[in-house]
Asks: 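A single structure is presented below for examination.
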Amino acid sequence: MEALLKAGRIAASAREYGASLVKEGASAREICEEVEAYIRRQGGEPAFPCNFSVDDVAAHYTPGVNDDIRLRGGEVVKVDVGVHVDGYIADTATTVDLSGRWESLLEAVRGALEAVVKIMRPGISLYTIGKTIEQTIRKKGYKPIRNLTGHTIGRYLIHAGESIPNVADRRLFYRRIQPGTLVAIEPFGTPGRGMVREGSVVNIYSLHTLKPKRPLSDEERHLLEYIVGRYKTLPFTPRWLTTEWGEKAEDLVRALWRKGALHGYPILVEVSGAVVAQFEHTFLVMSDRVIATTLVEGS
Ligand code: MN
Ligand code: MN
């Protein structure tokens, strides 16, 4: 419990710190490296690479070893951070609008998350959560993204198996949040079609298997064992490996991915190219109370 709450506090302040750095001229790498260093200074570890997804990219962008994004001003930026303390995870996100044109979109999606904060309780139906999110976003004239979801969280496990939709899904009427669940709720909204597809950039990976069907070179095997020792099954990025592995880290990671040892997370892009906003909190749902672990620092 102590570790979960500490992870939540660090994640909340890292999120706000990251958002404060989103300015014309700043780069994704500068901001993500600052946010990740901040998490470590506060006594946590990143539970996944800082996600810095811009405009129609909804999720899963983090700078690579060589690729980066510099803000020109006018973008809509999602900062999504994960922190773990001893494997106990907090996952939270916010959106910054540098254009000044999308305040009502941000309000709609922020409002959807706030509505869930008000109704979250043990035994709540996943249908009710999705319906609340969908209605709040639609009332403002936007669409929720229907193929992005919240998720339950386990120790050292960012996705523990249950997905919580951002739309009303009647099939989930009898699926409920059990007491003792840690769950991330993350509405995404857009003026576009409300769907994402995978893009071609992949800078986030996690362990898939230590025994891929295709044989590994000694160097690949050595890196895979390092990754498991350091990150277990949590997502990581080649950027984090360059101090020990140099510039070849990225090529080795890609080889491990191609051979099936790693899982890759491609960027997720809104299908109609429309801007996307996201807000996210992690909730600890107990039999007698609910704690939104990342709901501090006034947001
Ligand atoms: Mn997140
Ligand atoms: Mn999440």
Side-chain angles (χ1 to χ4, degrees), residues 4 7-19 22 28 31-32 35-36 38-39 44-54 57-63 76-85 87-96 106 109-110 112-113 116-117 120 126 129-130 133 144-167 177 181-189 196 203-206 231 233-237 263 265-269 276-285 292-297 299:
L4 272 177
R9 283 193 303 271
I10 297 170
S13 52
R15 176 195 69 221
E16 296 309 308
Y17 177 55
V22 172
I31 294 173
C32 284
V35 166
E36 291 160 359
Y38 175 90
I39 291 167
E45 282 292 324
F48 50 80
C50 160
N51 279 223
F52 191 91
S53 304
V54 174
V57 179
H60 294 174
Y61 180 78
T62 199
V76 171
V77 180
K78 279 75 65 188
V79 178
D80 189 338
V81 304
V83 173
H84 80 86
V85 173
Y88 295 99
I89 295 171
D91 180 3
T92 185
T94 191
T95 301
V96 179
L106 269 59
V109 183
R110 193 188 293 117
L113 182 58
V116 176
V117 169
M120 184 62 87
L126 304 194
I129 296 173
I133 291 170
I145 293 188
R146 74 175 101 81
N147 59 343
L148 286 175
T149 66
H151 49 97
T152 52
I153 297 174
R155 192 173 178 201
Y156 288 109
L157 212 55
I158 191 64
H159 200 312
E162 186 94 76
S163 295
I164 293 85
N166 289 321
V167 293
I177 302 279
T181 302
L182 188 64
V183 62
I185 301 296
E186 48 185 310
F188 290 81
V196 289
N203 287 332
I204 301 175
Y205 302 86
S206 66
Y231 307 115
T233 61
L234 290 173
F236 66 92
T237 184
H263 179 71
Y265 301 80
I267 59 166
L268 298 171
V269 189
V276 175
Q278 173 206 17
F279 289 85
E280 178 177 26
H281 281 311
T282 296
F283 299 78
L284 176 60
V285 181
T293 68
T294 54
L295 182 64
V296 283
E297 304 264 317
S299 50

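Both counts, for ligands and for their atoms, begin at 1 and track the order of listing. Keep in mind that the numbers below use all heavy atoms, side chains included, and drop hydrogens, waters and symmetry copies.
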Asks: Considering just N/O/S atoms, say which atom of H151 is closest to the Mn ion (ligand 2).
Replies: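 Within H151, restricted to N, O or S, the Mn ion (ligand 2) is closest to atom NE2.
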
Asks: Would you call L106 and V96 a side-chain contact if the rule is heavy atoms closer than 4.5 Å?
Replies: no

Asks: Taking all atoms of both residues into account, what is the closest heavy-atom pair of T152 and T181, and its distance?
Replies: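 Here T152 and T181 meet closest at CG2-CG2, 3.7 Å.
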
Asks: Run through T294, T94, D91 and flag the one making a side chain to side chain donor-acceptor pair (under 3.5 Å) with H281.
Replies: T294

Asks: Check whether any N, O or S atom of H159, backbone or side chain, sits closer than 2.8 Å to the Mn ion (ligand 2).
Replies: no

Asks: With the side chain counted from C-beta on, respond yes when I185 and F283 share a heavy-atom pair under 4.5 Å apart, and no when they do not.
Replies: yes

Asks: What residues, two or more places apart in sequence or in another chain, satisfy ring-ring contact (aromatic ring centres under 6.0 Å, His included) together with F236?
Replies: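 Here the qualifying residues are Y231.
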
Asks: So what's near the Mn ion (ligand 1), protein N, O or S atoms under 2.8 Å?
Replies: D80 OD1, D80 OD2, D91 OD1, E280 OE1

Asks: Dump the intermediate steps for side-chain hydrogen bond (donor to acceptor under 3.5 Å, both in side chains) on H263 and S206, then the final yes or no.
Replies: CA-CA 5 Å; H263 179 71; S206 66; 5.5 Å; no

Asks: Is there a side-chain contact between L234 and E45 in this structure, where contact means two heavy atoms from C-beta onward sitting under 4.5 Å apart?
Replies: no

